[in-house]
2 protein chains.
Amino acid sequence: MKARVLIRPKAGILDPQGIAVERALPALGFTGVSQVHIGRLVELEVEDSSQLEPICRTLLANPLIEDYEIQEP
Amino acid sequence: MKARVLIRPKAGILDPQGIAVERALPALGFTGVSQVHIGRLVELEVEDSSQLEPICRTLLANPLIEDYEIQEP
């Protein structure tokens, strides 16, 4: 089965990529954009979906500074 | 309004992060995982959602090698 994992910086953890995008937007003529957060998207095909949780914890996300959300269709 | 942008390497474009994850998994004891693709997740708050498309093209994604998908709730 296909699965998707969304990985985001935890609330309160500095998100330098998000800050960089937010600061760049007005210079490009885009106003009214805020709360930009940048994370990672992982899409994979897995035989046993019970493996997803440990795969996220041990390899895909850094649980100290990142939250992950597993989406199975 | 809140919006989410999923950015993926285009089909056929080398995805070295995905390959690295796919190769690391068996060594960690996870089998049966394939087709790993790694992209970026951007979440933002935007006043005018018609800006999303040009923001993706000019700043968030590299349209030469990446596809983007805009999700508005």
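Here is how names work: the chains are called A, B, and so on, in the same order as the sequence lines, proteins then strands, and each is numbered from 1.
- Under the side chain to side chain contact (heavy atoms under 4.5 Å, CB included) test applied with A:L25, the options B:T58, B:V46, B:I55 reduce to a single match, B:I55.
- A:I65 and A:V5 fall into different hydrophobic clusters, where Ile, Leu, Val, Met, Phe, Trp and Tyr residues are linked whenever their side-chain heavy atoms come under 4.5 Å apart, directly or through other members.
- Residues A:Y68 and A:L59 are members of one and the same hydrophobic cluster, defined by side-chain heavy-atom contacts under 4.5 angstrom among Ile, Leu, Val, Met, Phe, Trp and Tyr.
- If you run side chain to side chain contact (heavy atoms under 4.5 Å, CB included) between B:L44 and each of A:V21, A:V36, A:I38, only A:V36 comes through.
- The salt bridge (Lys or Arg N to Asp or Glu O under 4.0 Å) check on A:E22 picks up nothing, with sequence neighbours excluded.
- Of the atoms belonging to B:L52, not a single heavy atom falls under 4.5 Å from chain A.
- Tracing side-chain contacts under 4.5 Å through hydrophobic residues (I, L, V, M, F, W, Y), one reaches A:M1 starting from A:L60; they form part of the same cluster.
- A:I7 touches chain B through its backbone: at least one of N, CA, C or O sits under 4.5 Å from a heavy atom, while the side chain does not.
- Of the residues B:H37, B:R8, B:E69, the one that meets the side chain to side chain contact (heavy atoms under 4.5 Å, CB included) test with A:L41 is B:R8.
- No other option in A:E43, A:K2, A:Q17 has as many heavy-atom pairs under 4.5 Å with chain B as A:E43.
- Both A:L28 and A:V33 are part of a single hydrophobic cluster, where members link through side-chain heavy atoms under 4.5 Å apart.
- By number of non-hydrogen pairs under 4.5 angstrom with chain B, the leading residue of A:A24, A:G29, A:G39, A:G18 is A:G39.
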